[in-house]
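Written out below as C-alpha cells is the structure these notes cover.
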Amino acid sequence: MSATIKRVELAGITVDLLTQTDAIDKIIGHAHQAKQSPESKLPPLSVVSANLDHLVQFGHGSRWQGVLGDSLHPSRPLRDLPEAPSAFDAPPMSWLNLIDGAPLVLRARQLTGKLWPRLAGSDLIGPILDDAEIHGLRVGFLGGQPKIQAELATQLAEQRPNLHVSGFWAPERNEIENEALSMQLASAIRESNTDILVVGLGKPRQELWMASYGSLTGASVLLAFGAVVDFLAGTVQRAPQWVATTGLEWAWRLSLEPRRLAQRYLVDDPPGLLTLQRESRVISNTQTSPLVQKPARKFPKLLPPSDGRFVTGKTPVDVSVIVVTYNNADSVEKLISSLRAEASELRLRVIMADNGSADTTVQQLEKHKDVIVLPTGSNLGYAGGINAARPYTGDCEAVLILNPDLFVGPGSIQRLLNRMWISEAGIVVPRLLEEDGTTYTSLRREPTVLRAAGDALFGERVSRRPGWGSEIEYNLESYAHPHQIDWATGAALLINSALAQELGPWDEQFFLYSEETDYFKRARQAGASIWYEPESSMTHQMGGSGASVQLETLMAVNRIRYARKQLPARTATIFQSAVIGREVLRSWKPQRGGVWRAVAVESSWPTLPAATHGPQPHDGFPFGAVIIPAHNEAAVIAQTLTPLQSLAERGLVQVIVSCNGCTDDTTQIARSFSGIQVIETTTPSKVAALNAAEEIAKGYPRLYLDADIIITASALRMVFEYLSQPGVLSARPAFTYDTSGASNTVRAFYRARRRLPGTNNALWGAGAYGLSRTGRARFIQFPAVVADDLFIDQLFGDDEKTVLPTIPVQVKTPRTLGSLLAILRRNYRGQQELLRQDQATSTTRSTFGQLTRSISGPVSAWDALVYAGMVTLARGRKNSIATSVGTIWERDDSSRQAA
C-alpha cells in the first residue's frame, strides 16, 4: 500500500482514493490488528461506499450534514460503554469513505487527473469474506429480512465453511429508531464478539445507526454495504457488468424497484450533481490521517455541591440556567426539582426572571435560597426576560435557556454539554417530549417563501413533503439521531458562553414568538453550528403560552417582522402574503377567526400583546450618560424621563436634560424628576444644548436622546452594555415609526422609507444614538449643523455602526403633508451643509437604487412613488427658507400634539 493516500472532498464528504487491493488490506488489517492487540484500543472503523445519494444525504446542505465523522473528523458516540464511567471515555469512531458511483468517479478524475476504480460494497464483500476466513475473523450481519438471512446462512455454510459467522440480526425499523432497543441490539452484537459487522439497513439509516451505536457493538470494523445481504443470498440480481461500467446501474435498480427508488433517483439526487461539481477539491496529503484522532476537548470537571444545591455568587459553574416565568406557580417546583437532580453531577447557577406574575410564582421561587430570583416588575416578554437575566450568568461554560413548564430528564444537561464539545456546536437543543412520552415536532427549517406557502396550503396534512415545502420537520427519523439543524422551538437551548457573549441580547421587538428564530439565525450568521441531541430529553408539563386570537395573530405578525428583518424587502412582502393566505385558509377555525384581518391591517399591530414597562431590577447596570436636548418639550418630556428616573435616582446612570431657550414648562417638569440633572441655556440651538450637556457629562458610554423618544431600561442596558465592549464605537436602539394620526400620504412615505436598508442600518433618524469613549473621540464638539445625527452617522463606516435588537423606540412621524415637507427640507439642508464641509457623502444614487429594489407590488410601488415625489419637492425647496445654521431649533410640532 502506498505511503500516502490521496483524498478528495466531494460536496463536503472526504473520500479516500484507493485501489480495491489497498481498500481490502486496510479493512482486514484494521480488524486483524484490533483482534491481535486489544490493548491498542483502536477506534472502530466504519466503511462507506460513497455514491451520489450519500453526498445528497450527508454532504453540504443536507439534513445529515456533519453527523458522520469522516477521515478528517472522527465521530464520537455519546452513550456510555459498560466499562466506561462517562460518555467522553467511549472510543471515537473513524470513517473510511470509498468512492462509488459514476458521477463521483468522474469528478475525482477531473480533480486528480487519474481514473480511480469504483469500490462498491457488493464488489468488496467477497474478497473481504475471503480474507476474514484466512485470518479467523468473526463476521456478523445486521439488516435484511429473516427469510433472506436464513438463505444467506445456508449459502455461507456451503460456500465458505471456514468463515466464522458470529450472528444474524434482523431488527424492525421501529427498533432501529428506538434508543433503548438499539442499545439492546448493540449489546447483543457485543456479546457475540463480532470483529466485522456488515450493516445493511439502507441509506441513511445504516450510517446513522452506526454513528450512534456502532462503537457499542464491539466490532472493530463496520461495513455500511446496503443491500449486500440480498446480493450474497442471491435474492436480488445485480446489474450486468456492462450496465455498471457505463454508469447506468441506477437506471437498472430503478427499473426493478420504481416505487421505492423513484424519489431518490429522479427527485433527490439530481441537485447533488450541481453540488458535486461546485463544492469539490483535492485534500492535501499533509492533513490528518484517517486513523489519527483529533483530541476531543474534555469538559472541565468542577466539583458540584454534594446535596444538589445550586451555586450562588461569583463562583465559576458548568452551566448557568435562565428561566423566564410568568404565572407559572403550578410548574416551577417540578422544574427546580429536575434541575436539582442535574446539580448532583454539574455545577449549576439558576436565574429565574419573573415577568410580573400575578400568582404565587415569586413567593415559591424565593423559598429556594440558592435560586437567583429576579422580579422584572413587568412583562418584558421572553426575550426581554432573558436579557434581564443575562448579566447574572457569571463565569460559566454554557448558558441554558429553559421554559418554566419543562421537566429536565436525568442526565440531559450533561448530554447537551457532551454534544456541544464533541461537535464544536454553538447551540444544542434537546428532544422535547409531550406528557404522554411522544416526541414533539420541535425542529424547524429556515423560513422561506416556498416553505411558508407549503405550510399555508398543507399544514400537517402532507407531512412527508420535501424539506423546501415545510418549515416544520415532520420526519420522525430526524428526531432519532443527532444532527445539525437550522433552528428549533425556543423551549430549551444550550448556548456556548462565548457565543452568547458574541451574539449579545435577544431581539426584544418580537415579545413572544420568532425571537428564537432570529437568535438561531444570528448564531448561524456568526458561523456557529446548531445541533439537535435526541439523548437529551425534556418534557412539557403544560401547554405553554396557550392559544387565543391575539396570540395566534401575534405569532403570524412576528413571522412577518422576522421576514422583514432577515429577508430582502421584496421577498418579505411575498412572505407576508403567504402568511396572510395561511390565516385565510384557516379562518373557519374558532380560535383563528379574524386573525387574517388583524395580520393584513398593519395599523392594528400596536394593539397586540407587547412588553409592558414597569419598575425593573438594575443591579449591575452599566454606567453611562443620557443626554437629552430639549426646547419647549412640555408635552412630551415627562413620558421620556419616567423610565429613566429610577436609574438616575440610584446613580446607575447620569441623565442630563439640556433645556435650551425654553419658553414653556419644560424646565420645571424636568426638575420635578428626582435624580435628573437639568441645565438651562438661552440660545435656541440643539447643538448648543448638546455641547452644554457634554461639559458636565461624567462618563461613557453616552446616549443622545431626543426629548420625545421613550427608551426602556432594558433597551438602555443593552445599548450601554454593547458600547462598553472593547473596540465598539457606535450603536443605536431599534426603532419603529408611529404613524398614528398621520395622513395616508405621510404613512405611504414612511412605509417606503422603512423598506430602505440604508435607513434601517444608519444612526440617524431614530431619535437616539450612542457613542463609546473611543467613538466620541472622533470629534471635538458638535459643530453648528442642522443634522447632528447625520453628522455622527458620517463619522463611522458601516462596520462601525450597529443597530441593537432592543425593544424599539417609537419615532412619532409628522401628521400632515406640510409638516413632512418641512422636516424633509430641514434634513436635506442639513445634508447639503455637511456636503459643503466635506463631512458627508451623497447617498442619492444608492437611495434611488434601494427604492427601486423595494418595489414588489402595487402598494410598495405607490409608496415608492410618494417617497420619490416628496423627496423631489423637498430637495427643490431646501434653500427656500434662509436660516442661521445651528442657531435655531427646527422640528415637527404636529407629532407632539394630542391626537
Side-chain angles (χ1 to χ4, degrees), residues 9 11-14 55-78 87-88 92-93 95 204 207-208 211-212 275 279 288 293-299 319 396-401 412-432 442-448 467 471 473 475 477-504 506 515-536 566:
E9 183 182 293
I13 301 295
T14 301
L55 303 189
V56 171
Q57 296 279 4
F58 296 101
H60 281 160
S62 69
R63 174 191 298 170
W64 306 112
Q65 178 180 346
V67 173
L68 307 183
D70 57 27
S71 302
L72 301 180
H73 302 90
S75 66
R76 283 180 169 271
L78 289 182
F88 267 101
M93 178 186 293
W95 292 79
E207 288 85 1
L208 294 171
S212 295
T275 307
E279 303 181 28
T288 312
Q293 303 306 312
K294 180 176 114 178
R297 179 175 178 181
K298 283 269 190 177
F299 190 79
V319 178
C396 59
E397 291 292 331
V399 177
L400 178 62
I401 309 293
S412 287
I413 298 179
Q414 180 67 68
R415 290 185 175 110
L416 292 177
L417 284 168
N418 290 348
R419 174 55 64 189
M420 186 176 77
W421 292 123
I422 289 168
S423 299
E424 299 179 345
I427 301 177
V428 186
V429 301
R431 182 198 300 260
L432 295 182
S442 61
L443 304 185
R444 300 290 187 268
R445 304 181 183 94
E446 178 62 18
T448 65
E471 187 176 318
E473 175 61 84
N475 191 327
E477 194 166 57
S478 294
Y479 293 87
H481 304 280
H483 63 286
Q484 288 191 66
I485 61 171
D486 287 346
W487 65 285
T489 54
L493 59 153
L494 183 83
I495 312 164
N496 182 290
S497 59
L499 177 65
Q501 180 67 26
E502 178 183 353
L503 295 181
W506 288 52
E515 61 269 89
E516 75 267 50
T517 320
D518 177 75
Y519 194 81
F520 281 107
K521 175 74 170 183
R522 290 165 54 203
R524 299 198 309 275
Q525 290 172 335
S529 61
I530 319 297
W531 277 78
Y532 164 71
E533 178 45 62
E535 288 185 54
S536 173
Q566 298 290 357

Working to the nearest 0.5 Å, report the span between [atom1] of [X] and [atom2] of [Y].
X: Q65; Y: Q57; atom1: CD; atom2: CD; answer: 13.0 Å
X: E397; Y: L494; atom1: CD; atom2: CG; answer: 10.5 Å
X: I485; Y: W531; atom1: CD1; atom2: CH2; answer: 10.5 Å
X: I530; Y: R444; atom1: CD1; atom2: CZ; answer: 15.0 Å
X: Q414; Y: L416; atom1: CD; atom2: CG; answer: 9.5 Å
X: E502; Y: I495; atom1: CD; atom2: CD1; answer: 12.5 Å

Looking only at heavy atoms, which two atoms of [X] and [Y] are closest? And how far apart?
X: P482; Y: V67; value: O-CG2, 3.3 Å
X: P430; Y: A492; value: CD-O, 3.4 Å
X: V429; Y: F520; value: CG1-CZ, 3.9 Å
X: L55; Y: S62; value: O-CB, 4.5 Å
X: A425; Y: N496; value: O-CB, 4.2 Å
X: S423; Y: S529; value: O-OG, 4.2 Å

Name all residues meeting the ring-ring contact (aromatic ring centres under 6.0 Å, His included) criterion together with Y519; count only those two or more places apart in sequence or in a different chain, and write none if there are none.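 Y519: ring-ring contact (aromatic ring centres under 6.0 Å, His included) contacts with W506.
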With W487, which residues qualify under ring-ring contact (aromatic ring centres under 6.0 Å, His included), at least two apart?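 Here no residue qualifies.
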Side-chain heavy atoms of [X] within contact of [Y], under 4.5 Å:
X: P447; Y: Q566; answer: no
X: E473; Y: Y479; answer: yes
X: L493; Y: E516; answer: no
X: L443; Y: R63; answer: no
X: E446; Y: R524; answer: yes
X: Y532; Y: H481; answer: no
X: V56; Y: W64; answer: no

Under the side chain to side chain contact (heavy atoms under 4.5 Å, CB included) test, which residues partner E279, sequence neighbours left out?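 Side chain to side chain contact (heavy atoms under 4.5 Å, CB included) check on E279 returns H60, T275.
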Decide yes or no on side chain to side chain contact (heavy atoms under 4.5 Å, CB included) for R419 and S536, but give the supporting numbers first. CA-CA 10 Å; R419 174 55 64 189; S536 173; over 6 Å; no
Pick from V428, N418, I422: which one makes a side chain to side chain contact (heavy atoms under 4.5 Å, CB included) with E533?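 Result for side chain to side chain contact (heavy atoms under 4.5 Å, CB included) with E533: V428.
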